[in-house]
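Here the structure is laid out as structure tokens; the discussion comes afterwards.
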Amino acid sequence: ILRRGFIEGESLDDCIGGLFIPHEVGVRLFELFTAPMEGKEGGFVASKQQKSRMKSHFLILYITASGKGMQVASIDQVCKDMKLDTKEASLVLREAGFVVKKSGKGDTSVNLPIPLKFPPPKRGKRT
């Protein structure tokens with residue numbers, strides 16, 4: 001990924017090959033989280049909203065893949081690997097209905113309670 005979310009390449013296959021991920025996964029990622037670049041350059045671009053959506057999908061997928069209980073003792077390492085601030089990850093997960101707690105050791109644990117309760121929607125300031 002180059003310059004602020006740009007992924008350059010002659011074709012979709014070139015872009016996927018440069019990311020070193022399986023082709024099927026790459027095609028789906030590009031469909032969901034990027035848009036073709038317009039102009040002379042070839043490639044794809046991921047907007048700020050698309051990047052945010054991708055991060056939330058990856059976090060939820062990580063928690064889902066971690067076990068049946070929909071809980072993780074610490075998301076700190078995966079946040080570090082994704083170069084994502086744990087506060088930002090906590091906010092994203094809370095908006096998705098997860099309960100996020102900070103332990104005494106500084107680890108951030110996450111679980112999905114049943115019944116699921118979403119936080120009230122945040123509204124922007126009126127001008």
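Keep in mind that this is a model prediction, so the values were computed, not measured. Counting from 1, the numbers follow the sequence of the chain as shown.
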Using 30° and 60° as the class boundaries, would you call the ring planes of Phe58 and Phe33 parallel, tilted or perpendicular?
tilted

Write down the atom of [X], the atom of [Y], and the distance for their closest heavy-atom approach.
X      : Y     : value
Asp107 : Ala73 : CB-O, 4.3 Å
Leu112 : Gly97 : CD1-O, 3.6 Å
Lys55  : Glu88 : NZ-OE2, 4.0 Å

With rounding to the nearest 0.5 angstrom, report the [atom1] to [atom2] distance, [X] to [Y].
X     : Y      : atom1 : atom2 : value
His57 : Ser52  : NE2   : OG    : 10.5 Å
Leu93 : Ile75  : CG    : CD1   : 5.5 Å
Gln71 : Ile63  : CD    : CD1   : 10.5 Å
Ser66 : Asn111 : OG    : CG    : 12.5 Å
Lys87 : Thr108 : NZ    : OG1   : 10.5 Å

Can you check whether Leu59 reaches Val110 side chain to side chain, under 4.5 Å on heavy atoms?
no

Mind checking whether Ile60 and Leu91 sit in one hydrophobic cluster, side chains of I, L, V, M, F, W, Y counted as touching below 4.5 Å?
no

Applying the 4.5 Å side-chain criterion to the ILVMFWY set and letting contacts propagate, would Tyr62 and Val99 be lumped into a single cluster?
no

Quiz question: by atom type and distance under 3.5 Å, do the side chains of Thr86 and Asp76 form a donor-acceptor pair?
no

Before you tell me yes or no, could you show the steps for Thr64 and Met70 under side-chain contact (heavy atoms from CB on, under 4.5 Å), namely the whole-Å CA-CA distance, both residues' side-chain angles and the distance that decides it to 0.1 Å?
CA-CA 6 Å; Thr64 303; Met70 291 292 287; 3.9 Å; yes

Atom NZ of Lys102: over 12 foreign heavy atoms under 6.0 Å:
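Yes, enclosed.
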
